[in-house]
Asker: 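Dropping a structure here in structure tokens format, bear with me for questions.
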Amino acid sequence: MVAFTALRAASRRVASRQAFATTQKRNMSLGESHGPPPEWEGVDKVVRSYFPHDHQLSAAIIGGYFSLYAIYSISTMGGKKKEETPVVVETASTTPTGAVPDIESPDFEKFLDSEALVKLLDSEEQLKSVFG
């Protein structure tokens, strides 16, 4: 029985070596393809004459974009920014006398400093008309 198990183990080893030796391998070798080189036409042919590998072409494209960005940054760095003077438009007061003006209007600040606010807060009838 011992001889039979030893023989079976030895045959497994031989069979596994043969299976490993005959299996197909992909042979991917760090970017170098073993197929025929692609045929380029037109603009690609001109570009690929200077940058034959993909990594060279991608580095050239990234370098081109970076140089455009650098030129733009340098050109806008030295110029003075033009400050526009704000245009002040004064409108006539559209608020009737005794009423509360709009918060965004320039009359609202004057209303807060005036006696009209005190009268509004003292009179319940005016408060009801404004908030009611």
Asker: Return each pair, listed once, that meets salt bridge (Lys or Arg N to Asp or Glu O under 4.0 Å) where at least one residue sits in residues 61-74; pairs must be two or more places apart or across chains.
Answerer: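 As it turns out, there is no salt bridge (Lys or Arg N to Asp or Glu O under 4.0 Å) pair with a partner in residues 61-74 once direct neighbours are skipped.
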
Asker: Who else is in I61's hydrophobic cluster (ILVMFWY, side-chain heavy atoms under 4.5 Å, direct or via others)?
Answerer: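 Via sub-4.5 Å side-chain contacts, I61 links to V43, V46, V47, Y50, F51, L57, Y65.
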
Asker: Report the hydrophobic cluster partners of I74, with the cluster defined as I, L, V, M, F, W, Y residues connected by side-chain heavy atoms closer than 4.5 angstrom, directly or transitively.
Answerer: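 Same cluster as I74: nobody, lone residue.
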
Asker: Excluding sequence neighbours, so at least two apart, what forms salt bridge (charged side-chain N to carboxylate O under 4.0 Å, His left out) with D54?
Answerer: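 Partners of D54 under the salt bridge (charged side-chain N to carboxylate O under 4.0 Å, His left out) test: R48.
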
Asker: Tell me every residue that passes side chain to side chain contact (heavy atoms under 4.5 Å, CB included) with S114, counting only those two or more places apart in sequence or in another chain.
Answerer: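 Here the qualifying residues are F111, A116.
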
Asker: Any chance you could pull the hydrophobic cluster mates of Y69, using side-chain heavy atoms under 4.5 angstrom and chaining through other members?
Answerer: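 When side chains under 4.5 Å apart are linked, Y69 ends up in no cluster with other residues.
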
Asker: Between Q56 (side chain only) and H53 (backbone N and O only), is there a donor and an acceptor less than 3.5 Å apart?
Answerer: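 Confirmed, Q56 side chain pairs with H53 backbone.
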
Asker: Look at atom CG of L68 and say whether more than 12 heavy atoms of other residues, nucleotides or ligands are closer to it than 6.0 Å.
Answerer: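 Counting neighbours around CG of L68, more than 12 heavy atoms of other residues, nucleotides or ligands fall under 6.0 Å, so yes.
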
Asker: In Å and rounded to the nearest 0.5 Å, what is the CG to CG distance from D107 to L112?
Answerer: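 The CG atom of L112 is 11.0 Å from CG of D107, to the nearest 0.5 Å.
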
Asker: Nearest heavy-atom pair of S67 and G64: which atoms, and what distance?
Answerer: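 Closest pair (atom of S67, atom of G64, distance): OG-O, 2.8 Å.
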
